[in-house]
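This report concerns only the one structure given below.
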Number of protein chains: 2
Amino acid sequence: MNPSVLVVEDDRALCELLTWNLSAEGYQVRSTGDGEEALLMVQEQHPDAIILDWMIEHVPGIEVCRQLRKDKETAQIPILMLTARGEEEDMIRGFKTGADDYVTKPFSPRELLARIEALLRRARPSLAGSVLQWGDIELDVTSHRVRRGGEALHLGPTEFRLLRYFMERPNRVVSRQQILDGVWGMDSDIDERTVDVHIRRLRKAINRANDTDPIRTVRAAGYAMDVS
Amino acid sequence: MNPSVLVVEDDRALCELLTWNLSAEGYQVRSTGDGEEALLMVQEQHPDAIILDWMIEHVPGIEVCRQLRKDKETAQIPILMLTARGEEEDMIRGFKTGADDYVTKPFSPRELLARIEALLRRARPSLAGSVLQWGDIELDVTSHRVRRGGEALHLGPTEFRLLRYFMERPNRVVSRQQILDGVWGMDSDIDERTVDVHIRRLRKAINRANDTDPIRTVRAAGYAMDVS
DNA sequence: GAACAATGTCACTTTTTTGTCATGGAAGTG
DNA sequence: CACTTCCATGACAAAAAAGTGACATTGTTC
């Protein structure tokens, strides 16, 4: 699944330029020119990153940023602030509010793309190299291969996505609903218990005799994959 | 412990300027003008972030960056590249190599500080999560783990929420009703005595032999967790 | 079209957690 | 000290949560 980016920009020409460039790089792009709408869009489907103009309608960009940071669900989404002003004070304020990067117009699209990529690399480790690691487990994102201690493992598609989901979020406890959203997709009406079953299948597939189980069950909360 | 930053810059004046500014912000700063030495310094003591000039002696900055990214131990350290050139190609290359941010000279020290802060904010919690502390007790909210003196403790779901509730309100005496509202939820018709039982279970779980009990009973009022 | 793999559910078991109660002890009160 | 309140504790049954094996369904491969 390609990373998704939300563009919040009310200059239509610029918005289209950004959308086009990002799409060309393979991102899934959605856009809006309205701050309030942006918040709703983030709520309903968390993007992997947000490009946020400072001067937009209804709600100023910095306020959008503040709102997003306040909510635990959205606090970790990387935000790149975009502004016409070159004033230092604004930039400092942007960073203090929780922005991760700050670009002033006019900017080069390629620079913006590079910066977005850098942000995503931080937030989603799978984009850094194509190989994720956990102890002796290696997961190659591009070739869809998983190995443990050099030996190839066979995982079903869902198990693969599930394992990848965990490896991208080391140490983090995720609820069954979050897992469903992330692995099955936002709009799946699948029973939460089904997650348990797939967790078992995943465990069975990756744990050979006397391997330590990387997946920790957290009662009443979900599951997590701890760093080894 | 304050975050540590390594400054790699061969222009002595600029290096001092950076060092001075960072120190004033409370960072622990070390510096060098040599690429090779920089690698050694990182090896011997991982800094929390690195400011790296592109043009330095012996080993060019981008090569240092590449080396650091290759080693699993240092791959996660945020790097801010610094350069005199304003050329786009260089910047793209910097990002591709794994830099997290890229600032061209001349720059404002305050901007640099803001960017470093943003990098640290993002890089740190991904590993540590938000950790609450009380003396030697650590509670990690995102990974749902509790430790005392380094040793992992096992708490049930309710005990975990209860401990978190107290750690978020140090020094405050809370009534049983407040605890029920905060830990069980506003609309729970549970006996107030039940709180006592869970307090006991929590005490039992976190107090090993000759530990001091962090929870103070306040007769006729409730309970409180004092700062140690 | 047969064989096979993957997937979502269900029923059932096992394990852990939780709320309540009865009892005893400690702390305040007059 | 006698008395009342309030809290600590151990036990226990009920409930909740997670683990497990089996099965029907749906595609896919050959």
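Below, chain A is the first sequence line, B the second, and so on; all start at residue 1.
Separating the CD atom of Glu192(A) from the C1' atom of dA16(D) is a distance of 14 Å, rounded to the nearest angstrom. We find that CG of Leu155(A) is positioned 10 Å from P of dA6(C), with the value rounded to whole Å. Separating the NZ atom of Lys204(A) from the P atom of dA6(C) is a distance of 13 Å, rounded to the nearest angstrom. One can place CG of Asp196(B) at 12 Å from P of dT20(C), the figure rounded to the nearest angstrom. In this structure, the CZ atom of Arg176(B) is 7 Å from the C1' atom of dC7(D), given to the nearest Å. At whole-Å resolution of the value, CD1 in Ile179(A) and C1' in dA18(D) are 13 Å apart. Glu159(B) places its CD atom 10 Å from the P atom of dG19(C), with the value rounded to the nearest Å. The distance between atom CG of Asn207(B) and atom P of dA8(D), rounded to the nearest whole Å, is 13 Å.
Across all strands shown, Phe160(B) has no heavy atoms under 4.0 Å from either base or sugar-phosphate atoms. As judged by a 4.0 angstrom heavy-atom cut-off over every strand, Val195(B) is placed among residues making no nucleic acid contact.
Minimum heavy-atom separation, Gln133(B) to Met167(B): C-CE, 3.5 Å.
In this structure, the nucleotide among dT7(C), dA8(D), dC7(D) sitting nearest to the side chain of Tyr223(B) is dA8(D). Comparing dC7(D), dT18(C), dA17(D) against the side chain of Arg161(B) picks out dT18(C) as the nearest. Of the candidates dG19(D), dC7(D), dA5(C), the closest approach to any side-chain atom of His154(A) belongs to dA5(C).
If one axis is set at each end of the helix from dG1(C)-dC30(D) to dG30(C)-dC1(D) from five pairs, those axes are 30° apart, to 10°.
For the pair Arg219(A) and Arg219(B), nearest-nucleotide mapping onto DNA chain D gives the more 5' position to Arg219(B). If you find the closest nucleotide of DNA chain D to Val218(A) and to Arg203(B), the one lying nearer the 5' end belongs to Arg203(B).
Between Arg216(B) and Val173(B) there is a side-chain heavy-atom pair separated by less than 4.5 Å. A 4.5 Å side-chain heavy-atom check between Asp48(A) and Val5(A) finds every atom pair outside the cut-off.
Ring orientation note: the planes of Tyr223(A) and Phe166(A) are nearly perpendicular, at an angle over 60° on the 30°/60° scale.
In this model, the phosphate group of dA17(D) is not approached by any side-chain N or O of Thr217(A) to a distance below 4.0 Å at OP1 or OP2.
To the nearest 0.5 angstrom, Gln178(A) atom CD is 8.0 Å from Arg172(A) atom CZ.
Note on Asp136(B) versus Arg147(B): no salt bridge recorded, every NZ/NE/NH1/NH2 to OD/OE distance being 4.0 Å or above. Looking at Arg122(A) and Asp100(A), no side-chain N of the basic residue comes within less than 4.0 Å of a carboxylate O on the acidic one, giving no salt bridge.
The side-chain tip of Arg169(B) points at the ring of Tyr165(B) from less than 6.0 angstrom away and within 45° of straight on.
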Taking only nitrogen or oxygen atoms into account, show me every contact under 3.5 Å that the protein makes with nucleotides 8-11 of chain C, one pair per line with its distance.
unit_1	atom_1	unit_2	atom_2	d
dG8(C)	OP1	Trp184(A)	NE1	3.0
dG8(C)	OP2	Trp184(A)	NE1	3.2
dG8(C)	OP2	His198(A)	NE2	2.9
dG8(C)	N7	Arg201(A)	NH1	3.4
dG8(C)	O6	Arg201(A)	NH2	2.7
dT9(C)	OP2	Asp191(A)	N	3.2
dT9(C)	OP2	Thr194(A)	OG1	2.8

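Side-chain polar atoms of Thr19(A) and Asn21(A) form no donor-acceptor pair below 3.5 angstrom.
Applying the side chain to side chain donor-acceptor pair (under 3.5 Å) test to pairs two or more places apart or on separate chains, those with a residue in residues 196-210 of chain A are Arg148(A)-Asn207(A), Glu151(A)-Arg208(A), Arg176(A)-Asp196(A), Arg193(A)-Asp196(A), Arg203(A)-Asp213(A), Arg203(A)-Thr217(A), Asn207(A)-Asp213(A).
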